[in-house]
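Notes follow once the structure below has been shown.
A note on names: the letters A, B, ... follow the listed sequences, proteins ahead of strands, and every chain is numbered from 1.
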Amino acid sequence: MKKLITGVIGAGRIGKLHTDNLIRMPNVDVKMIADPYLDQDWVASRNLNGSLDVNDIFNDNEIDAVLIFSPSALHADHIKLAASSGQHIFCEKPIALDPEKILDALAAVKKAGVILQIGFNRRFDPNFAKLRQAVATEQIGKLHFIKIVARDPEPPPAEYIKVSGGMFLDMTIHDFDMVRFLADSEVDEVYVAGRVLIDKIFAEYNDVDTAITTLKLKNGALAVIDNSRQAVYGYDQRVEVFGSKGGMIAENNTPTQTILNCADGVISDKPLYFFLERYQKSFQLEIADFINTVLENREASVGGIDGLNSILIGLAANKSLKENRPVKIEEVMP
Amino acid sequence: MAQKRIITGLLGAGRIGKMHAENIISSVPNAFLKAVADPKLDEDWAKNMDIPVRSRELDTLLSDPEIEAVVIATSSSLHVEMIKKVAAAGKHIFCEKPIAFKPELITEAIAAVRAAGVKLQVGFNRRFDPDFMKVQDAVESGRIGTTHIIKLTNRDPLRPSLDFIPNSGGLFMDFSIHDFDTVRYISHSEVEEIYATGAVLVDPKIGELGDIDTAMITIKLVNGSLCHIDLSRETHYGYDQQLEVFGSKGSVRARNTTPTNTMLTTANGVFTDKPHHSFVERYQEAFVNEMQTFFDCVEKNINPPVSGEDALAAVNMALAAQKSFEQNKPVRIA
């Protein structure tokens, strides 16, 4: 079997998760993992070759593909370095929060002629992939609505809120991509109603913790996303598509499917607690898709344009929140 | 001792009028439907229902001193005139929604009711739906904490006949008026601002008649919470009526009710019932409950829970939604 020789950059929580998935794949060789704060015990436990210098990966001619799980602020630079080394790239979202920086990174990718896939993992979630099928095959007819519920179980720490870019660029960005994925259409206009209802700390950083975002799509359909930074019952991730012939709903996944009947009522499991549990399958599938894309030299299923356009929707959402009006995407185009 | 029965007249015996009559006769023990008046009275139906006085003249009811209460289910455009006449005759009033599309006319009707010292209940039946009542109770009792997000889905099974569209008042006034009332009922809050976006996606002929058939409405409430309503004139799978309230301590959902709760499992999949087909079936209990409540209020001499002011507030929301849609900007409620 032909093996893809890879290097992993960044061994934080998400980097470790992806690496564990990579080492289980028969057609992948993880040649090196680099992180200035590398957890050496973990590297040893996985029998990996570690480095504290990311350049060791970019300078290794044998490494065909680089998977970037470094802090978001470094993504664009790491993409450019990998591209200039002729290495194919998988990069976690977001590429950058500044569209100019994204365009700069994408130009480097294009120039190098390498493959770039962005980590919008939810596209690979079996529930949402099935919704996409229902839309694509017109099982539900022509698409009229997309409705997304995306609520976190707990708010992030203050130091994270400060650098997150705000709810729309940090959290809703996944939902913006989901809308584009399900509809296979670009977004024309965004309107946000947002408030601070959970913790005043969000207001200190000019952020919100609760929002309802309405989107008008170029294909005529409408979409709504409701976000909360704290659903005390777990990670609430539901999507509905509705069209001229009917609709399809993806409900929450739960640890078990049991139902307890007792004097207090009928009780079923709460949703899986957070994204690591909920989207476990999608993380495996997106990486497998990337590996196969490189091995078969296909076009990436989630490309740079997806990374860029979701950010543009997020920027339009920020503007809408600030100015309390619907904002066209073209208003925030770089 | 025989129960006191409130002697009642019905004005207007079209589809809704007949339904109310049948509910009073079969399910409201403290009411007696003595008379019905409708210029196009279905005599066979009235005879069959054993309604003693059957007339084509509305005045027959007004001049009958025995009649204490009148149910108004005439065509909408006559509601204000009927309220004024019935109030002047000193009779209590149940009036179908809408009282009128114009706030001034509703104010006039309220003034007439107040001057006559009679009771007025408006037909926002959904306040009496057991599912919605339970949701309201979960909110009011504090079980889900402070309300953050209220979400309503209101979708008709099949678009109305095109003859209906021009005089309907439009999607917001005719259709989402119920949702506007539900938002106020659930939240116990007035509305600060409305943003509405809509489209013609079901049938272009609805667009040719100057209306829309699909919409999304975002509402900011005075009490801080956010609200979203999605509307469609046509589902093909039944009457989709769902409500979810999300708060600091959890959420509560009212899902669709179905004719049966059976589940069929075959090689083709798992099949459950579609939602009830129309409002008559879906809100059957609500229609009975609202009538029972009205007669209880008359009997006990207490104010009905759905007032003329509630009708006015809902109409003001519909007007704001229409304006928001036309101008594509959020509109504050005066």
Leading residue by heavy atom contact count with chain A [cutoff under 4.5 Å; candidates Lys151(B), His148(B), His236(B)]: His148(B)
Can Lys147(A) and Glu244(B) be counted as an ion pair, charged N to O under 4.0 angstrom? no
Could you measure the distance from the CD1 atom of Ile198(A) to the OG atom of Ser248(B)? Nearest 0.5 Å is fine. 9.0 Å
Nearest-0.5 Å distance that lies between atom OH in Tyr195(B) and atom CD1 in Ile212(A): 13.0 Å
May I ask you to say whether Glu189(A) pairs ionically with Lys329(B), meaning some side-chain N is under 4.0 Å from a carboxylate O? no
Here the pair of heavy atoms bringing Asn324(A) nearest to Pro330(B) is O-CG, 3.2 Å
Using non-hydrogen atoms only, which part of Leu231(B) is less than 4.5 Å away from chain A: side chain, backbone, both, or neither? backbone
Pair Arg255(B) + Glu251(A), salt bridge at N-O below 4.0 Å: yes
Which atoms of Asp199(A) approach chain B - backbone, side chain, both or neither, heavy atom under 4.5 Å: neither
Can you tell me which of Val202(B), Val200(B), Asp230(B) forms the most heavy-atom pairs within a distance under 4.5 Å of chain A? Asp230(B)
Could you have a look at Asp240(B), Leu226(B), Thr153(B) and say which one has the most heavy-atom pairs with chain A under 4.5 angstrom? Leu226(B)
Identify which of Ile140(A), Val224(A), Val196(A) forms the greatest number of heavy-atom pairs closer than 4.5 Å to chain B. Val224(A)
Top of Ser251(B), Gly145(B), Gly238(B) for chain A proximity - count of heavy-atom pairs under 4.5 angstrom: Ser251(B)
Could you report the tightest heavy-atom contact between Gln230(A) and Phe246(B), atom names first, then the distance? O-CZ, 3.3 Å
Largest heavy-atom contact set with chain B, pairs under 4.5 Å, which of Gly194(A), Gly247(A), Ala223(A), Gly234(A): Ala223(A)
Under 6.0 Å from the CG atom of Leu264(B), do we count more than 12 heavy atoms belonging to anything else shown? yes
Picking from Ile149(B), Thr218(B), Thr214(B), Asn328(B), which has the most non-hydrogen pairs under 4.5 angstrom with chain A? Asn328(B)
Has His228(B) got a side-chain atom pairing as donor or acceptor with Asp226(A)'s backbone, closer than 3.5 angstrom? no
How about Thr197(B) and Thr214(A): does a side-chain donor come under 3.5 Å of a side-chain acceptor? no
Smallest heavy-atom separation, Phe145(A) atom then Met216(B) atom, equals CD2-CE, 3.4 Å
Using a 3.5 Å distance criterion without hydrogens, assess whether the side chain of His144(A) forms a donor-acceptor pair with backbone atoms of Leu201(B). yes
Given heavy-atom pairs under 4.5 angstrom as the criterion, report whether the side chain, backbone, both or neither of Glu240(A) touches chain B. side chain
Closest contact, heavy atoms only, Tyr237(B) versus Gly246(A): CD2-CA, 3.7 Å
My understanding is that only residues two or more places apart in sequence, or in another chain, count here; which of them pass salt bridge (Lys or Arg N to Asp or Glu O under 4.0 Å) with Asp175(A)? Arg122(A)
Salt bridge between Arg325(A) and Glu193(B), side-chain N to carboxylate O under 4.0 Å? no
